[in-house]
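Before any comments, here is the structure.
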Amino acid sequence: MSAFSRIYTRLSADWAMARRDPISLYILLAPVIFALLIRAFVPGAGEQRPTFAVLDTVPETSRELLSSFGELVLFEDRSLLEARVNRPDDVPGFIMTDAGLTMLLQGNESETSERYFRMVLLDVMSGGRVLGAAAADTGGVTETAAAESMLLPYLAIVVLMTTVLLGGMQVGFLLVEDRSTGAIRALAVSPLRLRDYLAARYLYTIAQSGLGMIAAAYIMLGVSANLPALLLVVLIGGLSGALVGTLLGTLADSQIAAMGVGKLIIPLFLLVPLLSLVIPASFRPLLWPFPNFWLWSMLESMYVGHLGYGFGLSALLAASLGLLANVPLMIRLKARVKLR
Amino acid sequence: MRTLASLMSAEFTTMRRNLFSIIMVLTLVLTVAGFYLIPDSTHQDLGGAVAAADDAPELEAALAELPVRYLGEPRDPIGNRMSLIINLMVFEVLILPFVFIAVNLFQEKQDGTIRAYRVTPGGTGRYLTAKMLLWTGLTILYGVVLLLCTVGFGLSPASWAAMLLLLLVAGLFISAFGLFVALFFSSINGWFLPGISLLLVSQLPIVSYLFPTFSPSWITWFPTYRLLYAVRDILTIGPAGLMGPGDTIGGSYGYMAILALAATIAAFAATKRILMKEARI
């Protein structure tokens with residue numbers, strides 16, 4: 001029996017199981033549902049505008065200028081306006097005082113938001129003559145807008161990474177199930193080898209989560225999803241997913257324990273690359289040993305291009321580190337499952 | 001009382017058998033290591049760097065002289081480390097019972113513990129109370145240890161009290177809610193993706209935290225949104241936020257208490273109807 005036949009037989013068995021088990025359907029649907037929810041509720045580039053709470057005594061001309069920067073919410077009562085400003089989000093209030101148009105802030109706004117609001121106020125007070133040139137000089141406003149336009153691509157990357165993670169966890173759970181139910185002992189007396197068994201499992205999951213990833217990317221990013229590069233991400237992401245699956249299959253003896261181990265793996269898988277957003281570039285080498293960081297970097301270079309490592313290098317490192325990390329785990333797993 | 005203690009002890013033993021202690025210690029070590037590894041600056045690539053004042057001194061002077069009034073005390077920017085702890089307190093510590101109460105329920109089903117419990121006079125109330133108390137207690141313990149290893153020594157006694165109260169009400173809510181959700185699934189296989197998806201969706205308020213101008217009204221109803229800002233205010237301005245203009249902490253207590261009550265009633269009804277039902281068959 002050739003390796004191909006063995007893998008095919010195993011794939012058919014997995015497909016038969018998948019039709020009975022809702023978990024496979026979830027894996028396929030989860031990224032699509034996430035994508036639809038995000039697309040429905042999260043604004044894309046150029047769609048996100050801040051909210052300004054404005055007292056109705058503010059002159060019409062100022063209101064018109066303010067409305068070119070954000071959505072206005074009008075208040076007749078100053079105490080209600082202050083209550084709106086005091087909510088946890090960053091919404092400034094605009095009222096008329098002896099000093100003319102005055103801005104109310106809560107005091108806990110982020111630096112970026114406060115600077116943006118001040119520039120808006122400056123522009124409105126000057127009758128709309130300041131902000132164009134000032135924004136070009138300082139980047140204060142343009143960078144805020146740019147940061148907001150990155151929201152959707154970053155959320156898309158998180159959804160795609162999550163799909164890889166879920167796919168890997170699914171394989172891990174199936175491995176643990178095969179071990180705890182004794183199915184693996186039955187397989188041990190068949191001609192099946194560990195590599196065929198794992199290849200079938202991972203190929204099935206890659207195909208399944210790959211479909212979900214592609215659909216999710218197109219829902220969230222439209223034509224900029226970049227299919228050829230995305231297919232490469234699906235394949236290389238399979239190695240990171242395999243790492244998660246094999247780690248679960250090796251460490252956990254029961255699905256319950258696997259969930260516990262998963263609790264540890266989930267934040268590691270998603271938090272490590274997310275850290276690259278908040279730490280300075282000089283600290284990024286701390287993240288380099290993680291294949292999931294390079295997978296993130298691949299996606300990041302496709303949709304944002306902020307990290308600057310490039311798609312090719314990121315793909316090479318994600319694949320190499322993914323393979324390298326899988327080897328010792330496979331050896332350990334082989335000893336535990338006792339397949340040939 | 002003894003029944004409660006036995007139930008809690010049994011629950012904890014089950015968790016220890018499933019690597020719970022090792023996982024929690026490892027998670028804590030990694031979290032604390034991450035906290036000390038990242039620089040404590042306010043640098044944020046994603047948030048968009050604020051343009052340097054040196055670039056246009058005249059503009060900076062004009063911006064500084066604008067008529068701006070603060071309703072509260074202007075606050076120093078929150079550093080990376082504090083931001084990490086705020087997010088971890090909500091999305092790691094407070095989420096703990098949601099996952100493990102489900103994991104334990106499925107283990108009990110598998111072991112036949114529930115079947116054995118049904119023939120005892122224990123009842124639904126004690127079963128639910130034991131679970132909620134244990135997991136709320138562990139949540140508080142985990143939160144306290146995490147804070148002590150990171151920013152805890154800089155907190156005032158009043159901030160500690162405010163934090164403990166928040167961990168208590170939020171822990172009760174999430175334990176009851178976690179149990180309620182898990183009751184509708186027969187195995188961890190069925191629960192896994194809906195449960196994890198629910199967890200991931202609950203993390204959407206992180207987007208508002210990173211982009212404070214993005215706070216549509218629907219996101220403000222997420223319990224995690226309220227918790228995120230309540231934890232932020234307790235850790236950064238202390239219990240002054242309890243009565244402050246934003247009232248984020250006070251509002252969160254009320255919101256969490258209502259949710260905890262609703263989730264407890266729902267979990268009690270579902271436990272009685274789903275979990276204890278087979279006893280009558």
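Everything quoted here is computed from the prediction, not taken from an experiment.
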**Prompt:** Could you give the distance from CD1 (I206(B)) to CG (L274(A)), rounded to the nearest 0.5 Å?
**Reply:**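 Separation between the atoms: 7.5 Å.
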**Prompt:** From I266(A) CD1 over to L200(B) CG, what is the distance, rounded to the nearest 0.5 angstrom?
**Reply:**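 Rounded to the nearest 0.5 Å, the CD1-CG separation comes out at 7.0 Å.
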Given a strict heavy-atom distance threshold of 4.5 Å, which part of [X] is in contact with chain A: side chain, backbone, both, or neither?
| X | value |
| --- | --- |
| A102(B) | neither |
| F91(B) | neither |
| S197(B) | both |

Is there a side-chain contact between [X] and [Y], using heavy atoms and a 4.5 Å cut-off?
| X | Y | value |
| --- | --- | --- |
| M259(A) | I196(B) | yes |
| L30(B) | L264(A) | yes |
| M103(A) | Y70(B) | no |
| F192(B) | M169(A) | yes |
| F117(A) | V68(B) | no |

Name the region of [X], side chain, backbone, both or neither, that has any atom closer than 4.5 Å to a heavy atom of chain B.
| X | result |
| --- | --- |
| S282(A) | neither |
| L155(A) | side chain |
| L105(A) | both |

**Message:** Test your reading of the model: is there a side-chain donor-acceptor pair from R69(B) to the backbone of L104(A), 3.5 Å cut-off?
**Reply:**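 Side chain of R69(B) to backbone of L104(A), a donor-acceptor pair under 3.5 Å: no, none is there.
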**Prompt:** Do you know which of T27(B), L88(B), L66(B) has the most heavy-atom pairs under 4.5 Å to chain A?
**Reply:**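 Looking at each of T27(B), L88(B), L66(B) in turn, L66(B) comes out on top.
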**Message:** With chain A as the partner, which of S208(B), G195(B), P194(B) has the greatest number of non-hydrogen pairs under 4.5 Å?
**Reply:**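 The option with the most such pairs is P194(B).
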**Asked** Between L37(A), V85(A), T97(A), which shows the greatest number of heavy-atom pairs under 4.5 Å with chain B?
**Response**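 Among the listed options, the one with the most contacts to chain B is T97(A).
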**Message:** How close do L101(A) and P67(B) get, counting heavy atoms only, and between which atoms?
**Reply:**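 That closest heavy-atom pairing would be O-CG, 3.2 Å.
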**Message:** If you count every heavy atom of other residues, nucleotides or ligands that lies below 6.0 Å from W218(B) atom CH2, does the total exceed 12?
**Reply:**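 Yes, because the 6.0 Å sphere around CH2 of W218(B) holds more than 12 heavy atoms from other groups.
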